[in-house]
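Values below: all heavy atoms of this structure, side chains included; hydrogens, waters and symmetry mates excluded. Letters go in sequence order (proteins before strands), and every chain restarts at 1. If you're wondering where the values come from, they're calculated on a predicted model, not measured in any experiment.
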There are 2 protein chains.
Amino acid sequence: MAGTTSGQAAGGSTAARAPEERRRRILEATVAVIRDRGFAGTRVTDIAEAAGTSSGLVLYHFGSLAGALTQALTHVEDVFYGELESELAAVPGPVERLRLMADLASGAGPAVGDWTLWLELWVRALRDDDARAARESLDRRWRAALRRVVVEGAAAGVFHPADVAATTLRLSSLMDGLAIQLALAEPGMTPARFKRLWLDAAALELGVPAQAFRGRAARPARRRAAS
Amino acid sequence: MAGTTSGQAAGGSTAARAPEERRRRILEATVAVIRDRGFAGTRVTDIAEAAGTSSGLVLYHFGSLAGALTQALTHVEDVFYGELESELAAVPGPVERLRLMADLASGAGPAVGDWTLWLELWVRALRDDDARAARESLDRRWRAALRRVVVEGAAAGVFHPADVAATTLRLSSLMDGLAIQLALAEPGMTPARFKRLWLDAAALELGVPAQAFRGRAARPARRRAAS
DNA sequence: GGCTATCCTGAATACTCGTTCAGATCGCCG
DNA sequence: CGGCGATCTGAACGAGTATTCAGGATAGCC
C-alpha cells in the first residue's frame with residue numbers, strides 16, 4: 001500500500017523534499033507518543049496531533065496504526081545504533097568505554113534515553129513479531145558492543161573475565177534489571193546509583209578493583225570552582 | 001460497589017458458598033487471560049469465557065474491567081507470597097535456599113511460574129497505581145527473602161558479601177534481566193542456563209567458589225541408573 | 001497554461017468493546 | 001407456601017476509534 005513512494009525522481013534542488021521530512025516527523029512523533037502512553041494507549045489521532053498533521057496522513061504513509069508503530073521501532077533502532085557507534089568511537093580505552101556505556105544506560109546519554117520505551121518494547125515483543133525482531137536486533141547490537149569492550153580490555157590485560165560470553169550476558173541483563181527500577185522510579189534508584197551498582201558488578205566480573213571505575217566523568221568541574 | 005458482600009451471614013453448612021468459589025474462579029481466569037493476552041488485550045468477555053460465566057457476572061463482582069484486573073493482581077500477590085514462604089521454610093541452609101530461589105525463578109518451581117505476567121506487570125505499573133503498588137510489594141517481598149538468605153549465609157560464615165544491600169539489589173535485578181530473555185524465549189536462554197548464570201553471579205557476589213552452588217538438585221538420579 | 005501524480009485533509013463509516021439493565025434463578029426464612 | 005435478597009444472565013446501548021473515502025491543494029512537466 002501507499003505506493004512505496006515510487007517516483008521520487010524529481011531531484012529536490014531548492015529544499016529537502018517535504019514529504020520525506022513529514023514522514024520522519026510522524027515517526028518521531030509516534031515514538032514520543034509510545035513513550036508517553038505506551039503501545040496499548042497510542043491512537044492514530046495522538047500521533048497525528050503530536051506530528052501536527054491529520055490522522056489521514058498517518059494512515060496514508062504507514063497504511064495502518066500497526067504499520068506506524070512498527071516503522072517507528074525500526075526508526076528508533078537506526079537512531080539508537082548510530083548514536084551508540086559514534087559515542088563509543090569518541091572515547092579511547094576499555095575502562096572509559098565501559099563507563100560510557102554505564103552513562104548512556106543510566107540516562108545521562110542520548111542513546112538509551114528513557115527506559116520506558118524499552119519496557120514497552122519487551123512486552124510488545126511477547127506477541128508481535130516485528131517488535132520481537134526489533135528488540136532482538138537492538139539487544140544483539142548492545143550486547144555486541146559490550147562484548148567488544150570486554151574483549152578489548154582483556155586483550156590489553158586490563159580486564160580478566162573468566163568467561164566472556166557469560167560476563168557479557170550477565171552485565172547486559174543486570175542493566176535491564178536495574179533499568180526496570182529506574183523506569184518505575186523506584187525510590188532509591190537514581191542514575192548515579194544505577195551506574196555505581198553496575199560498574200561495581202563489572203569490577204567483580206572483570207576481576208579488577210572497584211576503584212578502577214570510580215573517579216572522573218561524573219563531576220567534571222568541582223575542585224577548581226571558577227577557573 | 002458490589003456491596004462488599006455485606007450479608008454473607010447465612011453460614012454454609014452443606015457446602016462452601018458457591019459465590020465465593022465463583023469469585024475465586026473468575027480471579028484465576030483473569031490471571032490466565034492476562035498471561036495469555038496481556039493487560040492491554042484482556043476483554044471482559046475473555047475473562048467470562050475462561051471462567052465459564054457471563055460478562056455480567058464479572059462486572060457484578062468486580063465493578064469494572066479495571067477492578068477485575070486489579071483484584072487479580074492482589075490475588076496473585078497472595079498466592080505468590082504464600083508459596084514463596086512455604087517453599088523457603090521447607091529447605092534448611094543458605095546454600096540450599098539460594099538454589100531454591102534460582103529454581104523458582106527459572107521456572108522450575110510453582111511460585112514464579114511464567115515471567116510473562118511479570119513483564120506485563122512492570123509495564124502496567126508505569127501508568128496504573130494499583131499495578132505499581134502490587135509490583136512494589138511483590139518486589140519488596142522477593143528481595144527481602146533474598147536478603148534474608150544472604151544475611152543468614154553471612155552469619156553462618158558461608159557467604160562473604162561486601163555490601164549486603166548492593167548484593168541483594170544486584171542479584172534480584174540480574175534475575176529480572178535474565179527473566180526478560182527467558183520470557184521472550186531468546187534462543188540459547190533456558191531455565192538451566194538461567195540458573196547457572198545467576199548462581200555463578202551469586203558466587204562472585206558472595207565470595208564463594210562457583211562449585212559451592214553446583215551439583216545436586218539438577219539431576220537427582222543419573223549416576224545410579226536403575227537403583 | 002493545462003495535466004497528472006503525489007500529498008494531504010477531515011468527515012463519514014463500521015466495528016469493537018465496556019457497561020447498563022430488565023429480568024431469571026436460587027436458597028433461605030418466616 | 002410466598003417473599004426476598006443475593007446471584008446470575010445475555011441482550012441492548014453508547015462511547016471510542018481504526019479505517020475509508022471524496023475530494024482539495026501542490027508541484028513538476030509538457
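- Checked against the 6.0 Å centroid threshold, Tyr81(A) and Trp142(A) do not count as a close aromatic pair.
- Listed for the Asp128(B) side chain is no donor-acceptor partner under 3.5 Å among the backbone atoms of Ala125(B).
- Atom CG in Leu57(B) sits about 16 Å away from atom P in dG18(C), given to the nearest Å.
- Put simply, CZ on Phe39(B) is 19 Å from C1' on dC17(C), counting in whole angstrom units.
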Anything under 3.5 Å between a protein N or O and an N or O of nucleotides 17-22 of chain D, put it in a table, one pair a line.
residue : atom : partner  : partner atom : Å
dT17(D) : OP1  : Arg43(A) : NH1          : 3.2
dT17(D) : OP2  : Arg43(A) : NH1          : 2.8
dA18(D) : OP2  : Val44(A) : N            : 3.0
dT19(D) : OP2  : Leu65(A) : N            : 2.8

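- With sequence neighbours excluded, the residues satisfying side chain to side chain contact (heavy atoms under 4.5 Å, CB included) with Val164(A) are Arg147(A), Val150(A), Val151(A), Pro161(A), Thr168(A).
- Across the protein-nucleic acid pair, Phe62(B) atom CZ and dT7(D) atom P stand 12 Å apart, rounded to whole Å.
- To the nearest angstrom, C1' of dT7(D) lies 11 Å from CD1 of Ile26(B).
- Taking both residues in full, the closest heavy atoms of Thr116(B) and Ala183(B) are given as N-CB, 4.3 Å, listed atom of the first, atom of the second, then distance.
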(request) Check the pair Phe213(B), Trp198(B) against ring-ring contact (aromatic ring centres under 6.0 Å, His included), reporting the backbone distance first and the verdict last. (result) CA-CA 10 Å; Phe213(B) 298 126; Trp198(B) 191 75; 8.2 Å; no

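- No side-chain donor-acceptor contact under 3.5 Å links Arg170(B) to the backbone of Leu174(A).
- Regarding contacts with the backbone of dT6(C), every side-chain N or O of His61(A) stays at 4.0 angstrom or more from both OP1 and OP2.
- Whole-Å rounding puts the Arg23(A) CZ to dC8(C) C1' distance at 15 Å.
- Residue Arg22(A) places none of its side-chain N or O atoms closer than 4.0 Å to OP1 or OP2 of dC7(C).
- When the P atom of dC8(C) is taken as reference, atom CD of Glu21(A) falls 11 Å away, rounded to whole Å.
- Checking the phosphate oxygens (OP1, OP2) of dC7(C), a side-chain nitrogen or oxygen of Tyr60(A) falls inside 4.0 Å.
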